[in-house]
**Q** 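Could you have a look at this structure, given as structure tokens, before my questions?
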Number of protein chains: 2
Amino acid sequence: MATPSEKIIRDVTARLRAAGMRPTRQRIALALALFAKGDRHITAEQLHAEAQAQHVGISLATVYNTLHQFTRAGLLRELAIGSGRSYFDTNLSHHHHFFYEGSGQLVDVAGDLVKVSTVPAPPKGTRVAGIDVVIRITERNR
Amino acid sequence: MATPSEKIIRDVTARLRAAGMRPTRQRIALALALFAKGDRHITAEQLHAEAQAQHVGISLATVYNTLHQFTRAGLLRELAIGSGRSYFDTNLSHHHHFFYEGSGQLVDVAGDLVKVSTVPAPPKGTRVAGIDVVIRITERNR
DNA sequence: TTTCTAGATTAGAAACATTCTAAAATATTG
DNA sequence: CAATATTTTAGAATGTTTCTAATCTAGAAA
Ligand SMILES: [Mn+2]
Ligand SMILES: [Mn+2]
Ligand SMILES: [Zn+2]
Ligand SMILES: [Zn+2]
């Protein structure tokens, strides 16, 4: 990846400040990695490896801290699908997922391609925070 | 829980044999714990604790082995919802789940109470293995 | 610019769920 | 009962995530 332009860095910096976070070298690098490309589903380890490849020294602890802060700030969604690791999703629009059972890979499904036409009322004293549809898919054999 | 009747133990024994498993003391105890009560969502740790409480000595490794064997035999479904631990579901019918965001608790939603009326075609070379709908719910405030 | 300090980063330890290993125990068959 | 294939098990190992407490730094104040 080419070095980001001054403008892009200023944008990211402003976005971090707007979310109440100091624009540190680490947060700027992670924000650029996360938001420069299109929609992504990435784990902490993967993002850490990507930063290392770019010769940005960031500890794994900071990657975790930052991913959670970004999630709290509404810049990311955390996905807990297919036990094991957490994925962080840069796609904030209403959408669902294909889940590759073999690899654990996630692929977006636009929200309007899935219609959940009937849902039961939530139990007393609770409200619906969201509805997640996961379409599990496997390699077709034969 | 009262000691299970001879008949129930014979039933479980036959069920294990039918699935190609030797009816060991450990498997019988776990099968009784899992299938005696109604539908359950239970983790390996929880089931292990339940067995200990019943003074059935079973190692945690055996609980994991057995849960996976039961799953392979179609006696259980493994649920990977809400990262962290796996839940094993004794409800084999087509159904979905309420997921309590606070506690991680799962509650069944009968399959026919949820209608997913539109789904996209799976990517080339794959087939749909299943569709899981998770209704995330939170304590209602105010 | 220098100083100050709340906030941020970090290495490494700890926590936690799960899987692995290989030795001992057991169920089943002959 | 003897033989053996299967099962169980303690404990180590693995993989992910969180915690701790020492160090560092961004931003504000002087
Ligand atoms: Mn998390
Ligand atoms: Mn599993
Ligand atoms: Zn997504
Ligand atoms: Zn269920």
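Lettering follows sequence order; numbering is per chain, from 1. Note: hydrogens, waters and symmetry copies are ignored here, and every other heavy atom, side chains too, is used.
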**Q** Is the shortest side-chain heavy-atom distance between T90(B) and L76(B) below 4.5 Å?
**A**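 A side-chain contact exists here, since the closest heavy-atom pair is under 4.5 Å.
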**Q** For H48(B) and dT9(D), what is the distance between atoms NE2 and C1' respectively, to the nearest whole Å?
**A** 10 Å
**Q** Rounded to whole angstroms, how far apart are CD1 on I58(B) and P on dT7(D)?
**A** 15 Å
**Q** Check the phosphate of dT18(D) against Y64(A), side-chain N and O only, distance under 4.0 Å to OP1 or OP2. Yes or no?
**A** no
**Q** L47(A) has an atom CG; how far is it from atom C1' of dT16(D), in whole Å?
**A** 15 Å
**Q** With respect to the side chain of A61(B), which nucleotide from dT28(C), dG11(D), dT16(D) is positioned closest?
**A**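 Output: dG11(D).
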**Q** Mind calculating the distance between CZ (R72(A)) and P (dA8(C)) to the nearest angstrom?
**A**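 To the nearest whole Å, that distance equals 10 Å.
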**Q** Give a yes or no on whether V12(A) and F35(A) share a hydrophobic cluster (residues Ile, Leu, Val, Met, Phe, Trp, Tyr; joining criterion: side-chain heavy atoms under 4.5 Å apart).
**A** yes
**Q** Using atom CD1 of I28(A) as one end and atom C1' of dA26(D) as the other, report the distance to the nearest whole Å.
**A**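 Roughly 11 Å, once rounded to whole Å.
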**Q** Once you apply a heavy-atom cut-off of 4.0 Å, does G20(A) come out as touching a base, just sugar-phosphate, or nothing?
**A**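 The answer is nothing, as G20(A) stays clear of every strand by at least 4.0 Å.
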**Q** What nucleotide, of dT17(D), dT10(C), dA8(C), holds the atom closest to the side chain of R27(A)?
**A**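 The answer is dA8(C), which lies nearest to the side chain.
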**Q** Could you tell me whether the phosphate oxygens of dT26(C), OP1 or OP2, come under 4.0 Å of any side-chain nitrogen or oxygen in Q26(B)?
**A**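 For dT26(C), neither OP1 nor OP2 has a side-chain N or O of Q26(B) closer than 4.0 Å.
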**Q** Within this structure, what is the CZ-to-P distance between R85(A) and dT18(C), rounded to whole angstrom?
**A**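 Taking atom P of dT18(C) as the reference, CZ of R85(A) is at 14 Å.
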**Q** With heavy atoms under 4.0 Å as the rule, sort T62(B) into base, sugar-phosphate or nothing.
**A**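 Base contact - T62(B) has a heavy atom under 4.0 Å of at least one base atom.
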**Q** Between H95(B) and D89(B), does any side-chain donor sit less than 3.5 Å from a side-chain acceptor?
**A**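 Distance-only check passes for H95(B) and D89(B).
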**Q** Between atom CD in E45(B) and atom C1' in dC16(C), what is the gap in whole Å?
**A** 9 Å
**Q** Under 4.0 Å from OP1 or OP2 of dG7(C): is there any side-chain N or O of R22(A) that close?
**A** no
**Q** Same cluster for L106(B) and V114(B) if Ile/Leu/Val/Met/Phe/Trp/Tyr side chains link at under 4.5 Å?
**A**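 Looking at the clustering, V114(B) is in a separate group from L106(B).
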**Q** So H68(A), base contact, sugar-phosphate only, or nothing? Heavy-atom distance under 4.0 Å.
**A**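 Sugar-phosphate only.
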**Q** Map N65(B) and P23(B) onto DNA chain C by nearest heavy atom, then report which one ends up closer to the 5' terminus.
**A**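 Of the two residues, N65(B) wins.
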**Q** Grab the CG-P distance between L60(B) and dA13(D) for me, whole Å please.
**A** 18 Å
**Q** For a quick check of understanding: with a heavy-atom distance under 4.0 Å over all strands, which category does S86(B) fall into, base, sugar-phosphate or nothing?
**A** sugar-phosphate
**Q** I want to verify a distance call: between dG11(D), dT17(D), dA27(C), whose nearest atom is closest to the T24(B) side chain?
**A** dA27(C)
**Q** Any side-chain donor paired with an acceptor under 3.5 Å for D108(B) and H41(B)?
**A** yes
